[in-house]
Protein chains: 2
Amino acid sequence: MTPRKKTAQTAKPPKSVKPAKPGLTRDSIIAAAMAIIDRDGYEELSMRKLGKELGVNPMSIYYHFPNKVALTDALIEVVMSSIDLSLDDPGRATEERLLNAAYIYRNALLAYPTLIPAMAGRAPRTIPGLRPVEVLISIFVESGMTVDDAFTSMSVLASFVRGAVAREVYTELELQNAGQQESFATALAGILSPVEFPNLVKVDARCEYLGSEAMFDRGARALIRGLLETYVSEKEED
Amino acid sequence: MTPRKKTAQTAKPPKSVKPAKPGLTRDSIIAAAMAIIDRDGYEELSMRKLGKELGVNPMSIYYHFPNKVALTDALIEVVMSSIDLSLDDPGRATEERLLNAAYIYRNALLAYPTLIPAMAGRAPRTIPGLRPVEVLISIFVESGMTVDDAFTSMSVLASFVRGAVAREVYTELELQNAGQQESFATALAGILSPVEFPNLVKVDARCEYLGSEAMFDRGARALIRGLLETYVSEKEED
DNA sequence: ACCTGAACACCGTTCAAGT
DNA sequence: ACCTGAACACCGTTCAAGT
């Protein structure tokens, strides 16, 4: 709050391009936060713990991020940007390219499962985060859709992936919480009335239906098929 | 507000089927929590605020629920159980029945948008919560699927609905935060290079693509179509 | 059986102050 | 410009105690 006399003299590099003094950086903070999330999960991340992890006063973080949600936004952007669709091969069949993209998206989300609730309905809003979006849209466009239908299709496919991965993660978490004890399916089977739940009872009886990944695979394939059949206008094979 | 000693006669019913003394009930706690969520959103729900809402010591709640996640589980069950598919009409076309079910699921989730992150990948685990699941499976079965494929299809459709609704809610929230200022789409359009983002730039140029509900509709239809075409074995029309 | 009060071990955030 | 310390207003939860 002092008047601040501005440049006592050349004394300091007048136009150094970067201050280059940090010690604490946005990036180092993000890295430390990711380390905590990797180790203990997102729900264990606190500003104070993060300060400790960085060997720094927790309040220092507030100089680099206005608050915790801004920090969380940054963490989510890291995950979003880790989706790399640059290896997409335009030579392959449309269905394959889309399925591949869905898997890559899925794997990126699975890498930070505890972040998933926080990511909920979020769409990427930065250049690196949008790159895979562009790729996805272009695949749809190349298959014969209008840009608008391609955008919608991309959005629908992304919604499915997020929803499916969320259930995948939650189910796995439930399974390991259940531990040794009887699977939830068999537990329910004993309770459900076959009169009111004739179909569910039959599913439970097999007890071991599909694994999460197989379910994801089938869902993604069906959705892709439906999207292509619905929005690709009839045209010659080239 | 007077103490009101409640029939001093008979001393006390020795074997009354229910204690019937509560004052504080699981149900009254749940109702109060829902009221807070309605008013301020789930993120504002705390045990202490809930105590105040009930006019009771916050710690009393711990007699009825072991902790906050157990309470949250109960709240989620309320939402899950509010999904009422009992009006499903087996006379209508399969696609219509499924689309209708998807909409009902969607509307139930939209009623408590702030609860959505907490609901993430959750599947219902109580009788009333499972009723709509049974209905959905039966629709697929009646259309000609095996029980297992029907289960998978139901699960896939549910994943899509949750994913789509999550994005819907988040997008709406972003829009109202943006308020008067230029829409995100147009803001991005100025930033994105048409060389790197040829398709996205075109989408943004129109600026106003589809609304959330229209997107949901198209996604649900495409997914339903894909599921039916993929898993309904060829058979005569009856 | 049902509820209370005090206490514990945490949170996120603000802000004046240090260098 | 970058970091610190103390303080504020909260949290969820435990537990001995009240009725």
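Labels below follow one simple rule: chain letters A, B, ... track the order of the sequence lines, proteins then strands, and each chain is numbered from 1.
Residue B:Leu223 comes nearest to A:Gly219 through the heavy atom pair CD1-O, 4.3 Å, listed as atom of the first residue, atom of the second, then distance. Here the shortest heavy-atom pairing between A:Leu54 and A:Ala32 reads CD2-CB, 3.6 Å. The shortest non-hydrogen separation linking A:Glu134 to B:Leu200 is OE1-N, 2.8 Å.
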Fill in: Dot-bracket notation for DNA chain C, counting Watson-Crick and G-U pairs under 3.5 Å, with | for partners on another strand
||.|||||...|||||.||

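At distances below 3.5 Å, at least one donor-acceptor pair connects side-chain atoms of B:Ser138 with backbone N or O atoms of B:Val135. Looking only at distances, no side-chain donor or acceptor of B:Ser155 sits under 3.5 Å from a matching main-chain atom of B:Thr152. In terms of modelled atom types and a separation under 3.5 Å, the side chain of B:Lys68 and the main chain of B:Met47 share no donor-acceptor contact.
Phosphate proximity of D:dC3 to A:Asn57: absent, as no side-chain N or O sits under 4.0 Å from OP1 or OP2. Remark: A:His64 is in phosphate contact with D:dC3, judged by side-chain N or O atoms under 4.0 Å from OP1 or OP2. For B:Ser60, a side-chain nitrogen or oxygen approaches OP1 or OP2 of C:dT4 to under 4.0 Å. Residue B:Tyr63 places no side-chain N or O under 4.0 Å from the OP1 or OP2 atom of C:dC3.
Judged purely by distance below 3.5 Å, without hydrogens or angles, the side chains of B:Thr25 and B:Asp27 never pair a donor atom with an acceptor atom.
Salt-bridge check for B:Glu77 with B:Arg125: failed, with every basic side-chain N at 4.0 Å or more from each acidic carboxylate O.
B:Lys52 pairs by the salt bridge (Lys or Arg N to Asp or Glu O under 4.0 Å) definition with nothing, not counting sequence neighbours.
Within residues 26-35 of chain B, no residue is approached by DNA chain D to less than 4.0 Å at the level of any non-hydrogen atom.
Counting only residues at least two apart or on different chains, the salt bridge (charged side-chain N to carboxylate O under 4.0 Å, His left out) pairs with a member in residues 104-122 of chain A are A:Asp73-A:Arg122, A:Arg106-A:Glu168, A:Arg106-A:Glu213.
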Which atom pairs, one a donor and one an acceptor, fall under 3.5 Å between side chains of residues 107-114 of chain B and the rest of the protein, sequence neighbours left out?
{"from": "B:Asn107", "atom 1": "ND2", "to": "B:Tyr103", "atom 2": "O", "distance (Å)": "3.3"}
{"from": "B:Thr114", "atom 1": "OG1", "to": "B:Tyr42", "atom 2": "N", "distance (Å)": "2.8"}

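Rounded to whole angstrom, the span from the CG atom of B:Leu54 across to the C1' atom of C:dC3 amounts to 13 Å.
Rounded to the nearest Å, the gap between the P atom of D:dA9 and that of C:dA9 is 22 Å.
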Worksheet item: Reading nucleotides 6-19 of chain C 5' to 3', which nucleotides get B (base under 4.0 Å from a protein heavy atom), which S (sugar-phosphate only), which -?
Response: BB---BBBB-----

